[in-house]
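Everything below concerns the one structure shown next.
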There are 2 protein chains.
Amino acid sequence: MKKFPQRTVTRAFMYLRALDSLIEEGKAYVSSGELAAMTALTDVQIRKDISVFGKAGKPRVGYDTRRLKQLLEEYVVQNVVHVVLFGVGNLGSAILRYPGFQEDKIKMVAAFDSDPNKVDKAINGISIYSLDKAKLLIQKKHVEIGVIAVPKQASQQIADLLVSCGIQGIVNFSPTTITVPKGIFVKNIDLAVEFLSLFWDMNAKKAPRYA
Amino acid sequence: MKKFPQRTVTRAFMYLRALDSLIEEGKAYVSSGELAAMTALTDVQIRKDISVFGKAGKPRVGYDTRRLKQLLEEYVVQNVVHVVLFGVGNLGSAILRYPGFQEDKIKMVAAFDSDPNKVDKAINGISIYSLDKAKLLIQKKHVEIGVIAVPKQASQQIADLLVSCGIQGIVNFSPTTITVPKGIFVKNIDLAVEFLSLFWDMNAKKAPRYA
DNA sequence: ATTTAATCGTGAATTTTTTAACAATTAAAT
DNA sequence: ATTTAATTGTTAAAAAATTCACGATTAAAT
Ligand SMILES: NC(=O)c1ccc[n+]([C@@H]2O[C@H](COP(=O)([O-])OP(=O)(O)OC[C@H]3O[C@@H](n4cnc5c(N)ncnc54)[C@H](O)[C@@H]3O)[C@@H](O)[C@H]2O)c1
Ligand SMILES: NC(=O)c1ccc[n+]([C@@H]2O[C@H](COP(=O)([O-])OP(=O)(O)OC[C@H]3O[C@@H](n4cnc5c(N)ncnc54)[C@H](O)[C@@H]3O)[C@@H](O)[C@H]2O)c1
């Protein structure tokens, strides 16, 4: 797999999201300037990024939205990724209902909860199982990513479980640090941190920037 | 306000989160190496970052957890930030119940929903109002940040409303691009993007890295 | 057919960020 | 009291990312 600049890849996902909006509203071409306005980046940055993947634009008209989407996805979106969720509470059930997953790229395979009242049901077509089913299911379905949405007291325990099932990536919503062996990738999503860092950016009066 | 390297500030919030865990478990000192293991960064990076704010460590023992927390907060956490939420559905109510806000730093002031069945109630002590109350409340309580947790068809409309109320920062959970005037800061949180970019990182076999 | 204006694509310059190297400091061991 | 080992803090070097400057290309206008 060719190596692209780290930040370019991150931004590629922003472009893809913007392109989805544009395609949905029927726009056939978009210029780097328009994309810049949508993403709060600069037009130069965008052209440079795109050029890393190939030539996709036509001078004077801009980029074909569908073609650009295809180009970015070709390099940046891998095969379908399989995901499981732990903790079907307030947040967990909201996530199971999230309409943003495109089935051909992200497959939510199953959910798990320790509460017997929650298991053997389904939300949005996704079945909820007890924890003892986790290992078998994760391995059988080749699940790559686990989501932690349990109370923070339980999150390390679930992290350990995920690791023992052979999962390589974790998205952790609980507001606490989890410890995992080297080689496992963790992405923490903490609303408190989002607020504080956004507020910092606002006060630092930097050029606006999506993230 | 002194200017710190952008990335150092971002990481400072990660350090604060790790420090909270350490303090909670009663640890008085922590070395850059231990922090590195917790955050999947390197010890050098951490020392470099901290040195930007001041000298906070003692050779041979490391950093006093409480003191380091205080130092980072002094520079990186501003006054209390006031937040409102739009859309008290599955996700919105989970957010209102989020226990990770420290009242002295983040104040969730109010929530708004267009559904009459949801207004005039409260979740976790936070009152839910109809949309027409938004402007007055936001201005009276000096709200700086608005959260968008409405269905994606409504999110641009809410973004416009937030802007018209004078809000400077938006956290957008809806999986679509919103357009705002220059000078307004937007942070998008899109689970689909998180999965795809985490999966990219995993496959790119980069050194593990929290984010 | 020629000119004009918009836009892309890119090599070079600049800025920012990370990494490396190592001196200074301190606690503990002897 | 001296030595040893661990750890910080800083300066310099290297790497990565961004911005700049501008030529090339194309569609539209004349
Ligand atoms: N990042 C964010 O923005 C954000 C927002 C809201 C909540 N959160 C966090 O997400 C987590 C869940 O929040 P919530 O409001 O949904 O909580 P909740 O109490 O509603 O749900 C927790 C669920 O986890 C289950 N559970 C408990 N222990 C378990 C275990 N050991 N194994 C499996 N399942 C277990 C419970 O049965 C329950 O269904 C919390 O850590 C919360 O702090 C994060
Ligand atoms: N980022 C994520 O991880 C994530 C996860 C889940 C959901 N989401 C997104 O969050 C949003 C909300 O999801 P949900 O599952 O809570 O949806 P939901 O349908 O349960 O809730 C939406 C709420 O918004 C209210 N609403 C609708 N139109 C409104 C308007 N114009 N003004 C004010 N309120 C309005 C509805 O009354 C409802 O209470 C969606 O856009 C969804 O895609 C994001």
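Quick caveat, the model's predicted, so the values are computed rather than measured. Just so it is clear, the values below take in all heavy atoms, side chains as well, and ignore hydrogens, waters and symmetry mates. Chain letters run A, B, ... following the sequence lines, proteins first, then strands; residues in each count from 1.
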Identify, with sequence neighbours excluded, every residue that meets ring-ring contact (aromatic ring centres under 6.0 Å, His included) alongside B:Phe195. A:Phe101
Can you find a side chain N or O atom of B:Arg7 that sits less than 4.0 Å from OP1 or OP2 on C:dT16? no
Check whether any side-chain N or O of A:Arg47 sits under 4.0 Å from OP1 or OP2 of C:dC8, and answer yes or no. yes
Send over the distance from [X] [atom1] to [N] [atom2], rounded to a whole Å.
X	N	atom1	atom2	value
B:Leu41	C:dT18	CG	P	9 Å
B:Gln6	C:dT17	CD	P	7 Å
A:Ile46	C:dT10	CD1	P	17 Å
B:Lys48	C:dT16	NZ	P	14 Å
A:Glu34	C:dT7	CD	C1'	11 Å
A:Gln45	C:dC8	CD	C1'	15 Å
A:Tyr63	C:dA6	OH	P	17 Å

Could you tell me which residues satisfy side-chain hydrogen bond (donor to acceptor under 3.5 Å, both in side chains) with B:Tyr98, sequence neighbours excluded, listed by chain and number? A:Asp190
Contacts of A:Glu24 that satisfy side-chain contact (heavy atoms from CB on, under 4.5 Å) - sequence neighbours left out: B:Lys152
Using purine N1 to pyrimidine N3 plus N6-O4 or O6-N4 for Watson-Crick, or N1-O2 and O6-N3 for G-U wobble, each under 3.5 Å, what pairs with D:dT30? C:dA1
Student check: side-chain heavy atoms of B:Ile138 and B:Lys141 closer than 4.5 Å: no
Please tell me if the side chains of B:Phe53 and B:Thr8 come closer than 4.5 Å, counting only heavy atoms from C-beta onward. yes
May I ask you to say what B:Ser32 touches in the nucleic acid, namely base, sugar-phosphate or nothing, with a heavy-atom cut-off under 4.0 Å? sugar-phosphate
Considering every strand and a 4.0 Å limit on heavy-atom distances, what is the contact class for A:Lys55: base, sugar-phosphate, or nothing? sugar-phosphate
Extract, from 5' to 3' on DNA chain D, the first and final nucleotides lying under 4.0 angstrom from some heavy atom of chain A. D:dA17 to D:dA27
Pick the nucleotide of DNA chain D nearest each of A:Arg60 and B:Val61; which residue has the one closer to the 5' end? B:Val61
Residues pairing under side-chain hydrogen bond (donor to acceptor under 3.5 Å, both in side chains) where one sits in residues 79-95 of chain A, two or more places apart or in two chains, turn out to be A:His82-A:Glu144
Applying salt bridge (charged side-chain N to carboxylate O under 4.0 Å, His left out), name anything that partners A:Glu74, two or more places apart in sequence or on another chain. none
